[in-house]
Enquirer: 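One structure coming up, written as structure tokens, with questions to follow.
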Amino acid sequence: MELENYLSVLNSQQLEAVKHEGSPLLILAGAGSGKTRVITTKIAYLISKKNIDPYRILALTFTKKAANEMAERARDLEPLAVKTPIRTFHSFGAWFLRNHYEEAQIDKNFTVYDDDDMVTLLTKAIPSMAKKQASLIAHQISLCKDYCLTPESPDLVKLVSDPDFPNLYKAYQKRLRETGNVDFGDLIMLPVLILQKNEDVRHHMYNRFHVIMVDEYQDSNVAQFQLVQQLCGPDTYVGVVGDDDQSIYKFRGAEVQNILTFQDHFPGTKIIKLESNYRSTSQILKIADDVVSHNKSRLGKTLVAERGNGKRAKLVFLPNQDDETDFCAELIEQSHKKGCPYSDWAILYRTNAQSLGFETDFLHRKIPYTVVGSLKFYQREEIKDALAWLSFIANPRDEIAFRRIINKPARGIGGVTQDKIVAVLRKKLLIEEASAESETTNANAYNLIDSCYDALNTLSKRANKSVLFFVELVTNLAKNLDENLASAKNVPNAAFAKTAGETLFDGMDLNASQAVGNDGEKLSGFIETLVEKSGLGEYHASQDEISGTQRVGNLQELCNAASLYPCNRDGLISFLEHIELDRTLELDDDEVYDAVTLITLHNTKGLEFPRVIITGMEKGIFPRKDKTEDELEEERRLCYVGITRARDELYLTCCDKRRMYGRTESMEPSPFLLEIAPESIDVIGNQPNSFKRYRKALANNNTQILNSQNAELAEKWHKSVRVYHDDYGYGAILNAKETEGEFVITVQFETGAVKHFMPEYQAHSLMICKE
DNA sequence: TCACAGTGACTTTTT
DNA sequence: GTCACTGTGA
């Protein structure tokens, strides 16, 4: 279809946003208002109508899924958009660092440490630290990096008050640099620091990117904001899209201020609001609005439904979680019998753990499903082992990977021996640092293989033999990979060599999964060899026999995932990077089939489904227990996100009892359920008493009341009830409402005095008079 | 250095 | 109920 036709289907605000130029642009886009359409159309428009080189447009998103979808849609509109880098923030950061590894003082072949690796590294950097404390510190370090604060930043104390923390952070950074690797936070923070310091790099970026677009801007953190800021030169066009009501990543450093103060940082910003919702029916939107309107801190906007009234949503009360599973399964089975595809359905939950019950039941009933965003696969021991091998071959200074693989299967190389070898490496690095030879760190840098050799004569006879065996194993495997390099040298660039109008040798196009030739050796073959030769295969096969697990099968799965990558170092690095930046296991294309989606609420951002069931709508689960007022608002936004994923049908389920920690607990309905106006939703099943009481109070016009405990009080202490107080005598209730979570009544006494009480705490002095 | 058994902690949410 | 960590004995 011609672009004109695409422009003609846009509403006036969308069209304005697409055509806007000349100043920074902030699009405030409600859920389902077609913001992805606006971004993709804008990209196509810039390329075909404004003659912008597709290479010079950069689009940034938060998840791989969103990036892929955006790329696909842009390409459909304008084939040249295939050259436009549409990336996640983190994959952009990784690309940037591969091109500037020297400035960043990291290894060219760096890999990315995840949270677990951070914790392990911390315990090695500071041996006295217990694991629990290490997790806390690791989390705090991540948060600091989200705010782009180095150990030297004076603002560090604002985030973490512990006076010892800067030193811990510093020690961690030093150890991390020694490995040559980076963590997630570095992928954003290091580029910012380099750009701030280095004018040449900055100008290079100004030349490289003339247009920068950011999606889901409400979830950007301070570091990401600074990155965008640094990338923008005086002539760069910047456009961001976001919705403050959908900001759900504060816990990870997301800063709503970024969207609220965008205009201050980018003067002359044009703001365009998109308030027409093309996704959900108005019944569903009404519920979403009922809930989110209880938030105090929001810009405030009202979505207008463009899709008619639709079906009423249903609130379903169920005895326990098994009934919840059954209810969902039967609902889906029935609709499937009537011809509705499984893929119309999505089951949403607050925590990953909740997927388990659905998985087992669906397996049993033969309902096909996919679990989206589950990290489980890459958390499996055997997968971590294989990935550690790959990481170590990619970067032999990777201490964490080294420790993981050197003694697995057991070769008699324990912690003491490992420490010795690592100490040799660290000593050497220290000497190098002192003699300032750091420029030569990369190509033939001293690594753990070298230090293994150097440590040999200090080891016991047994350890000596094992270490020798290990280093030879690694060397041989690495040779395997490097020999392939010669034959497959040009494979990665081949796919682009012909199409590139202008060649930019910065690897931004390098997408291994597209670039592997049909005939070239595949990386999967290498991994198979590795699994066999390293003894991992045998080791895990025996584990399978002992406990009936599927480890060998999982390892095979990992090999399959690598089949799209060429068998050389570049292929290995891109494979690892791909996995590190997107832990969700992708299905092979031919395996895409009709299935129910099981997904956490967080993961649904940017997605939509015809039929949605939000499960576990119980206090303590959703919202989670011990939330402060601010966090409660974020949970409420999460609820809003969940509701607005639904196109046509919405179900909310709430259980009376739920098994937790192996115990069965009695649950209360989620306060969010109480916020939905009774006329907006049909109720099915046995309403809990607290819920009934609340609704009754609501009917008595006590609309203020939020929590069910107070609803109980409100039933007794409502307006115009006569009371007697020990000190003030007789009176009548003027007003009853909830203030800051407490139930407060106002009483007019016969003496004329007006007093406020919390009846909950006045049982001894205040009583209701019988009529 | 390793295997096993007992204990305790535990569940957010993700790139 | 499950998983991971710790300490003990071989």
Enquirer: What nucleic acid atoms does A/Asn407 come within less than 4.0 Å of, heavy atoms only: base, sugar-phosphate, or nothing?
Expert: sugar-phosphate
Enquirer: For A/Thr653, what residues pass the side-chain hydrogen bond (donor to acceptor under 3.5 Å, both in side chains) criterion, not counting sequence neighbours?
Expert: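 Partners of A/Thr653 under the side-chain hydrogen bond (donor to acceptor under 3.5 Å, both in side chains) test: A/Glu324.
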Enquirer: Give the rounded distance in Å between these two atoms: NE2 of A/His139 and P of B/dT13.
Expert: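 Rounding to the nearest Å, NE2 of A/His139 and P of B/dT13 are 12 Å apart.
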Enquirer: Could you state the CG-P distance from A/Leu356 to B/dT12, rounded to the nearest angstrom?
Expert: 17 Å
Enquirer: Is the distance between the ring centroids of A/Phe110 and A/Tyr101 less than 6.0 Å?
Expert: no
Enquirer: Below 4.0 Å from chain A heavy atoms, what is the first contacting nucleotide of DNA chain C and what is the last?
Expert: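 Extent of the interface on DNA chain C: C/dG1 to C/dC5.
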Enquirer: Excluding sequence neighbours, so at least two apart, what forms side-chain hydrogen bond (donor to acceptor under 3.5 Å, both in side chains) with A/Gln246?
Expert: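 side-chain hydrogen bond (donor to acceptor under 3.5 Å, both in side chains) check on A/Gln246 returns A/Asp243, A/Arg645.
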Enquirer: Any side-chain N or O of A/Thr63 less than 4.0 Å from the OP1 or OP2 oxygen of B/dT14?
Expert: no
Enquirer: Separation of A/Arg663 atom CZ from B/dT11 atom P, in whole Å?
Expert: 18 Å
Enquirer: For A/Phe262, give me all partners under ring-ring contact (aromatic ring centres under 6.0 Å, His included), at least two apart in sequence or on another chain.
Expert: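 Residues passing ring-ring contact (aromatic ring centres under 6.0 Å, His included) with A/Phe262: A/Tyr217, A/Phe266.
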Enquirer: Are any of A/Lys64's side-chain N or O atoms less than 4.0 Å away from OP1 or OP2 of B/dT14?
Expert: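 No.
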Enquirer: Rounded to the nearest angstrom, tell me the gap between atom OH in A/Tyr249 and atom P in B/dT14.
Expert: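 So the OH-P distance, A/Tyr249 to B/dT14, works out to 6 Å.
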Enquirer: Taking the six-membered ring for Trp and the full ring for Phe, Tyr or His, determine whether the centres of A/Trp389 and A/Phe470 are under 6.0 Å apart.
Expert: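 Here the rings of A/Phe470 and A/Trp389 have centres that are less than 6.0 Å from each other.
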Enquirer: Which part of the nucleic acid, if any, lies within reach of A/Arg659 when heavy atoms closer than 4.0 Å are counted: base, sugar-phosphate only, or nothing?
Expert: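 Since no nucleic acid heavy atom lies under 4.0 Å of A/Arg659, the category is nothing.
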Enquirer: When you look at A/Lys145 and A/Gln140, which way does the side chain to side chain donor-acceptor pair (under 3.5 Å) test go after all the steps?
Expert: CA-CA 9 Å; A/Lys145 291 187 174 183; A/Gln140 289 172 330; over 6 Å; no
Enquirer: If stacking means aromatic ring centre less than 5.5 angstrom from the base's six-membered ring centre, planes under 30°, is A/Phe62 stacked on B/dT15?
Expert: no
Enquirer: So which one's nearest nucleotide on DNA chain B is more toward 5', A/Thr88 or A/Arg624?
Expert: A/Arg624
Enquirer: side-chain hydrogen bond (donor to acceptor under 3.5 Å, both in side chains) with A/Asp116: which residues, sequence neighbours excluded?
Expert: A/Lys384
Enquirer: Roughly, in whole Å, what's the span from CZ in A/Arg658 to C1' in B/dT12?
Expert: 14 Å
Enquirer: Indicate whether OP1 or OP2 belonging to B/dT13 is found under 4.0 Å from a side-chain N or O atom of A/Asn352.
Expert: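 Yes, because at least one side-chain N or O of A/Asn352 sits under 4.0 Å from OP1 or OP2 of B/dT13.
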Enquirer: For A/Leu581 and for A/Thr417, locate the closest nucleotide of DNA chain B by heavy-atom distance; then report the residue assigned to the nucleotide nearer the 5' terminus.
Expert: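 Going by which nucleotide is closer to the 5' end, it is A/Thr417.
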Enquirer: Sequence neighbours left out, what passes ring-ring contact (aromatic ring centres under 6.0 Å, His included) with A/His90? Give chain and number order.
Expert: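 Partners of A/His90 under the ring-ring contact (aromatic ring centres under 6.0 Å, His included) test: A/Phe184.
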Enquirer: Are any protein N/O atoms closer than 3.5 Å to N/O atoms in nucleotides 5-7 of chain B? If there are, list each pair with its distance.
Expert:
none

Enquirer: Output the rounded distance in Å from CG (A/Asp215) to C1' (B/dT15).
Expert: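 Those two atoms, CG and C1', are 15 Å apart.
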Enquirer: Just checking A/Phe89: base, sugar-phosphate only, or nothing, at a heavy-atom cut-off of under 4.0 Å?
Expert: nothing
Enquirer: Taking only residues two or more places apart in sequence, or in another chain, which ones meet A/Glu608 in a side-chain hydrogen bond (donor to acceptor under 3.5 Å, both in side chains)?
Expert: A/Arg279, A/Arg647
Enquirer: If the P atom of B/dT11 is compared with that of C/dT6, how far apart are they to the nearest Å?
Expert: 15 Å
Enquirer: Measure from the side-chain heavy atoms of A/Lys132 and tell me the nearest of B/dT11, B/dT14, B/dC10.
Expert: B/dC10
Enquirer: What is the distance, rounded to the nearest whole Å, between atom CZ of A/Phe92 and atom C1' of B/dT15?
Expert: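 To the nearest whole Å, that distance equals 16 Å.
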Enquirer: Could you check how far CZ of A/Phe184 sits from P of B/dT15, rounded to whole Å?
Expert: 8 Å
Enquirer: For A/Phe672, check ring-ring contact (aromatic ring centres under 6.0 Å, His included) against everything at least two apart and list the hits.
Expert: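 For A/Phe672 the ring-ring contact (aromatic ring centres under 6.0 Å, His included) partners, ignoring immediate neighbours, are A/Phe622.
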